[in-house]
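Throughout, protein chains are lettered first and strands after them, A, B, ... in sequence-line order, and every chain is numbered starting at 1. None of these values were measured; they are calculated from a predicted model.
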Protein chains: 2
Amino acid sequence: MLSADPDPIVLPEEPAQARRFGKTRDAQSHALLEDYAELIADLLATGGEARPTDIARRLGVSHATAIKAIARLKREGLATARPYRGVFLTEAGETLAARVRARHRVVVDLLRAVGVPAEAAEQDAEGMEHHVSDATLAAFSRFLAGR
Amino acid sequence: MLSADPDPIVLPEEPAQARRFGKTRDAQSHALLEDYAELIADLLATGGEARPTDIARRLGVSHATAIKAIARLKREGLATARPYRGVFLTEAGETLAARVRARHRVVVDLLRAVGVPAEAAEQDAEGMEHHVSDATLAAFSRFLAGR
DNA sequence: CATGAAGTGTAGCCACGGCTACATTTTCAT
DNA sequence: ATGAAAATGTAGCCGTGGCTACACTTCATG
């Protein structure tokens, strides 16, 4: 990918807005993987195994879609799986899942703390959490601690 | 044996998680349109006209990408544009843009209020705002008002 | 132990949102 | 008025993330 870009065109005056949008797009591209990793960790922790069909059902997608996503997880070095056997997380996958789970909790707690109803907090956190930077996450934690 | 469960398909128990993920995917699919609508409204308000190239520059994408997105805006009834003339918003587009702008402001204010640094607040709001439901938005407003 | 159901995998389709390359139209300066 | 530059539009590619349809394993169970 991105091989031999002869002239990276440094854009001396890249608008701040453009940079922000770019980052937002990046975050979005990782969101799915994060969700899968978190769910797989959850399934492994509770049920003992993570099968593509279980994953698909929990995510509300077809099993084919889940399998394609799992393939991508493998490509990214986050999961391992052998045909007709369950899915497992690599070290990196575990780490990611733990981070995602922790962040999810903080986001939900923050929402609840500022008065968002439980149902909405769960729903909205699902989408928002992938865009919460470390700085923001830290601020959320501070706010929750010192209130 | 089959007389026991004649309708195994009905899925009365769609996992709450599946529903949440589905909604999150929906929100994501509208996010781009919202960004474009908001930006076009901004350009029309300040500069007087919204040209594809301006839009592309502000968003950090190629002009071809911007033009494709504009085509989608037109398809969705949010914008109008004639070849080689500028882009304009329909009534629906204006309404959407106004709503998006207001929501963006509230989200940034909320983040600032709980201690998120300005830079991170702007950045993160860009991605988060598309997942903020009305209920959450209302809660944010209440929190900001009564603090 | 055979067979069928459930789970798994593969192939191929679609829409989206990126991109580059090329063609066309407008605009603007000389 | 013309010709070059800029803007615009079109075509075609890629990867992602959905889907359905079909093929193949696994595994329980009769």
Side-chain angles (χ1 to χ4, degrees), chain A residues 1-9 11 18 21-36 39-40 43 47 49-76 78-88 127 130, chain B residues 1-2 4-5 8-9 11 18 21-36 39 43 47 49-76 78-88 127 130:
Chain A
M1 37 84 101
L2 302 181
S3 53
D5 230 87
D7 203 1
I9 308 180
L11 283 228
F21 274 100
K23 282 195 192 177
T24 299
R25 283 195 301 271
D26 283 357
Q28 205 281 318
S29 86
H30 293 156
L32 251 280
L33 282 310
E34 292 183 348
D35 287 340
Y36 274 88
L39 175 53
I40 291 167
L43 288 171
E49 70 173 342
R51 291 142 72 231
T53 304
D54 302 332
I55 296 170
R57 203 138 38 204
R58 288 279 290 270
L59 258 25
V61 301
S62 73
H63 80 277
T65 297
I67 285 174
K68 279 214 287 189
I70 291 165
R72 200 176 151 211
L73 281 176
K74 290 201 282 184
R75 249 185 303 154
E76 308 266 341
L78 296 170
T80 60
R82 290 188 336 289
Y84 297 95
R85 293 297 175 263
V87 182
F88 300 91
H130 302 290
Chain B
M1 44 115 164
L2 28 79
D5 41 67
I9 298 299
L11 283 223
F21 274 101
K23 282 195 191 178
T24 298
R25 283 195 301 270
D26 283 358
Q28 204 283 318
S29 86
H30 293 155
L32 250 281
L33 283 310
E34 292 184 348
D35 287 340
Y36 275 87
L39 174 54
L43 287 171
E49 71 173 341
R51 290 142 71 232
T53 302
D54 301 333
I55 295 169
R57 201 138 39 204
R58 287 277 291 268
L59 257 27
V61 300
S62 73
H63 80 276
T65 297
I67 285 174
K68 279 215 287 189
I70 291 164
R72 200 176 151 212
L73 280 176
K74 290 202 282 185
R75 249 185 304 154
E76 307 267 342
L78 296 171
T80 59
R82 290 187 336 289
Y84 297 96
R85 292 297 175 261
V87 182
F88 300 92
H130 302 290

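Contact annotation: Arg72(A) reaches the phosphate of dT16(D) (side-chain N/O to OP1 or OP2, under 4.0 Å). Side-chain N/O atoms of Arg25(A) include one lying less than 4.0 angstrom from OP1 or OP2 on dG18(C). Phosphate proximity of dC19(C) to Ser62(B): present, with a side-chain N or O under 4.0 Å from OP1 or OP2.
Between the CG atom of Leu32(B) and the P atom of dG17(C) there is a distance of 5 Å, given to the nearest Å. Rounded to whole Å, atom P of dG17(C) lies 10 Å from atom NE2 of His30(B). A straight line from CG of Leu43(A) to C1' of dG7(C) spans 15 Å, rounded to a whole angstrom. Rounded to an integer number of Å, the gap from Asp26(A) CG to dT16(D) C1' is 14 Å.
Among all heavy-atom pairs drawn from Ala27(B) and His130(B), the shortest one is CB-O, 3.6 Å. Residues Arg57(A) and Ala18(B) approach most closely at O-CB, 3.7 Å, considering heavy atoms.
Side-chain contact check for Leu73(A) versus Ile40(A): some heavy-atom pair is nearer than 4.5 Å.
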Side-chain donor/acceptor pairs under 3.5 Å, residues 58-65 of chain B, sequence neighbours excluded:
| unit_1 | atom_1 | unit_2 | atom_2 | d |
| --- | --- | --- | --- | --- |
| Arg58(B) | NE | Gln17(A) | OE1 | 2.5 |
| Arg58(B) | NH2 | Gln17(A) | OE1 | 3.0 |
| Arg58(B) | NH2 | Asp42(B) | OD2 | 2.9 |
| Ser62(B) | OG | Thr65(B) | N | 3.2 |
| Ser62(B) | OG | Thr65(B) | OG1 | 3.1 |

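Taken from CG in Leu43(A) to OH in Tyr36(A), the straight-line distance is 12.0 Å, to the nearest 0.5 Å. The line from CZ of Arg25(A) to CG of Leu32(B) is 8.0 Å long, rounded to the nearest 0.5 Å.
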Task: Per-nucleotide protein contact string for nucleotides 1-12 of chain D (B base, S sugar-phosphate only, - none; heavy atom under 4.0 Å) - done: ------SBBBB-
